[in-house]
Number of protein chains: 2
Amino acid sequence: MTPERPYHHGNLREAVLERAAVVVRERGVSGISLRELTADIGVSHTAPRRYFPDRQALLDALAAEGFLRLGSRLGEAAAAAPGFQEQVRSIADAYVAFALSEANLAELMFAHERGEGDALVQQRATEAFGPLLETFRRGQAEGRLSIRDPERAGLLFLATLQGIAGLRSCGVIPEGEVDQMIDETVAQHAARAATGELGGVS
Amino acid sequence: MTPERPYHHGNLREAVLERAAVVVRERGVSGISLRELTADIGVSHTAPRRYFPDRQALLDALAAEGFLRLGSRLGEAAAAAPGFQEQVRSIADAYVAFALSEANLAELMFAHERGEGDALVQQRATEAFGPLLETFRRGQAEGRLSIRDPERAGLLFLATLQGIAGLRSCGVIPEGEVDQMIDETVAQHAARAATGELGGVS
DNA sequence: GTAACTATGTTGTCAACGGACACTTCTCGT
DNA sequence: ACGAGAAGTGTCCGTTGACAACATAGTTAC
């Protein structure tokens with residue numbers, strides 16, 4: 001009555017990643033064990049070796065996958081909003097929501113210890129932040145930035161959101177403060193359309 | 001010729017913490033092994049159990065220790081600067097310098113998975129941020145804040161610094177950008193003394 | 001002074017883990 | 001149909017964290 005598993009799983013790589021994503025969500029990075037994952041899937045614990053030479057490679061792939069998902073969230077958020085300030089607001093909400101609901105994954109994504117997969121993770125990260133930076137470039141073209149260089153403005157905005165999410169996740173920032181802090185952040189970075197004058201550089 | 005170790009170490013707890021701090025700096029949190037630490041010190045692998053019931057307890061203690069050190073750095077930074085804006089600048093530099101030079105420790109300090117020691121870590125964290133919040137309270141008294149609530153202003157400032165350091169550590173922010181981003185952050189949060197008018201809330 | 005008490009450290013054991021290797025089973029192109 | 005290589009298995013090894021039982025060293029009570 002064994003469910004007649006074929007010898008080849010079919011797409012073990014995806015299955016492992018998918019299961020790992022669940023475990024990471026529920027029990028964190030330290031809860032990921034190759035042996036447990038493979039046992040859940042029903043293969044031997046060395047089977048994923050072809051795809052992930054070691055545990056770190058799996059973590060790298062998981063982080064890359066996370067940036068893919070984050071990227072599409074940010075893309076959707078930017079696309080769903082009409083103007084510059086609305087886009088900035090929408091992106092901020094999407095980013096923080098993602099980082100808070102996937103706190104364990106986010107911790108992995110922004111970890112600085114990586115293995116061979118580092119290059120891919122970096123690339124996926126860059127791609128994920130594309131929509132945000134693109135929005136800021138448009139914002140600059142419209143003269144809506146309070147910081148000149150749009151790259152720097154975007155990265156600083158990103159850093160602030162990341163900091164808010166991180167400090168919230170580890171308990172430094174109280175839960176109720178988050179929304180208002182996002183408000184302040186959006187206000188700081190996205191100047192109003194009506195107001196012609198912006199905070200100029202000294 | 002064995003160095004005549006006494007049966008009791010004397011202050012094993014401090015010795016373990018000290019050695020663990022070195023390992024964390026050099027090889028990261030995942031490089032910490034109770035057995036290796038105890039071997040280095042020259043005691044049996046279960047000796048620290050009295051002080052740290054499990055590995056997580058050691059990590060918690062290490063994080064708490066980290067916040068103690070961060071707190072004194074921030075305190076010194078605040079004390080060394082004359083006025084509000086200088087203090088904000090000084091604190092920002094000290095914070096980011098600490099988070100970058102102790103990137104592995106910082107990652108541990110701001111991790112959100114903790115064990116029993118969570119309460120102590122939270123308390124130490126709160127204490128560590130005391131000088132920063134105090135500075136912002138004085139800043140508010142002098143009418144120098146661009147955000148009304150000094151607590152929120154301080155936390156948002158902190159979040160931004162934390163985000164800058166975190167994104168720099170994991171490679172998202174290029175090395176050369178950090179200083180200028182700190183500049184922008186200080187400018188955003190600490191209003192000039194001369195300028196009477198500040199960004200008001202809508 | 002010595003006997004009990006408590007804090008501190010040791011030894012031995014166990015299960016789980018990651019990693020390495022040789023081997024087997026399947027798939028697919030020719 | 002068959003050979004090459006991809007995909008997965010079984011087994012072994014060293015390391016690790018946790019646990020229980022035991023040993024040692026100060027400390028206090030009497």
Side-chain angles (χ1 to χ4, degrees), chain A residues 2-24 26-63 104 108 111 113-118, chain B residues 2-24 26-63 104 108 111 113-118:
Chain A
T2 55
E4 194 63 38
R5 312 247 174 203
Y7 188 88
H8 287 85
H9 179 279
N11 58 353
L12 222 201
R13 194 190 132 92
E14 304 311 314
V16 171
L17 274 178
E18 190 175 335
R19 183 76 195 129
V22 172
V23 172
V24 135
E26 293 174 353
R27 308 208 307 270
V29 176
S30 63
I32 287 191
S33 138
L34 263 321
R35 292 184 110 99
E36 188 188 323
L37 291 180
T38 52
D40 289 347
I41 296 175
V43 295
S44 74
H45 74 278
T46 54
R49 180 173 266 289
R50 309 277 173 198
Y51 312 103
F52 312 110
D54 57 16
R55 191 182 114 106
Q56 185 59 52
L58 168 61
L59 298 185
D60 289 350
L62 211 50
N104 289 330
L108 173 61
E113 277 183 328
R114 279 202 212 300
E116 300 297 322
D118 184 67
Chain B
T2 56
E4 193 64 36
R5 314 247 171 204
Y7 189 90
H8 289 84
H9 179 279
N11 60 351
L12 222 200
R13 194 190 132 93
E14 303 312 313
V16 170
L17 274 178
E18 189 176 334
R19 182 76 195 130
V22 172
V23 172
V24 134
E26 292 174 353
R27 306 208 307 269
V29 176
S30 63
I32 288 192
S33 139
L34 262 321
R35 293 184 109 102
E36 187 188 322
L37 290 180
T38 52
D40 289 347
I41 296 175
V43 294
S44 74
H45 63 276
T46 55
R49 174 171 268 279
R50 308 281 176 203
Y51 311 102
F52 312 110
D54 57 15
R55 190 183 116 106
Q56 186 59 51
L58 169 59
L59 298 185
D60 289 351
L62 211 49
N104 289 330
L108 172 61
E113 278 182 329
R114 281 204 212 298
E116 299 297 322
D118 185 67

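Letters A, B, ... mirror the listed sequences (proteins, then strands); counts begin at 1.
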Specify the separation, in whole Å, of atom CG of Leu59(A) and atom C1' of dG18(C). 12 Å

Expressed in angstrom and rounded to an integer, what is the separation of Glu36(B) atom CD from dT16(D) atom P? 7 Å

From Ile41(A) CD1 over to Glu18(A) CD, what is the distance, rounded to the nearest 0.5 angstrom? 8.5 Å

Please find the pair of heavy atoms, one from Val16(B) and one from Pro48(B), that lie closest to each other, and give the distance. CG2-CG, 4.0 Å

Separation of atom CD in Glu116(A) from atom P in dG19(C), rounded to whole Å: 13 Å

Considering non-hydrogen atoms only, spot the tightest contact between Ala61(B) and Leu17(B) and give its length. CB-CD2, 3.9 Å

For Ser33(B) and for Arg35(A), locate the closest nucleotide of DNA chain D by heavy-atom distance; then report the residue assigned to the nucleotide nearer the 5' terminus. Arg35(A)

Within residues 45-55 of chain A: residues closer than 4.0 Å to DNA chain C (heavy atoms): His45(A), Thr46(A), Arg49(A), Asp54(A), Arg55(A)

Under 3.5 Å, sequence neighbours excluded: what are the donor-acceptor pairs made by side chains of residues 50-58 of chain A?
{"unit_1": "Asp54(A)", "atom_1": "OD1", "unit_2": "Gln56(A)", "atom_2": "N", "d": "3.4"}
{"unit_1": "Asp54(A)", "atom_1": "OD1", "unit_2": "Ala57(A)", "atom_2": "N", "d": "3.0"}
{"unit_1": "Arg55(A)", "atom_1": "NH1", "unit_2": "Ile32(A)", "atom_2": "O", "d": "2.4"}
{"unit_1": "Gln56(A)", "atom_1": "NE2", "unit_2": "Asp60(A)", "atom_2": "OD1", "d": "3.0"}

Which residue pairs pass the side-chain hydrogen bond (donor to acceptor under 3.5 Å, both in side chains) test with at least one member in residues 26-35 of chain B, sequence neighbours excluded? Arg27(B)-Glu36(B), Arg35(B)-His45(B)

Closest-nucleotide ordering on DNA chain C, the 5'-leading residue of Val43(B) and Leu34(A): Val43(B)

Sugar-phosphate, base or nothing in reach of Leu37(B), heavy atoms under 4.0 Å: nothing

Would you mind reporting whether Asn104(A) and Glu113(B) have side-chain heavy atoms less than 4.5 Å apart? yes

Using a heavy-atom cut-off of 4.0 Å across all strands, would you classify Ile32(A) as base, sugar-phosphate, or nothing? sugar-phosphate

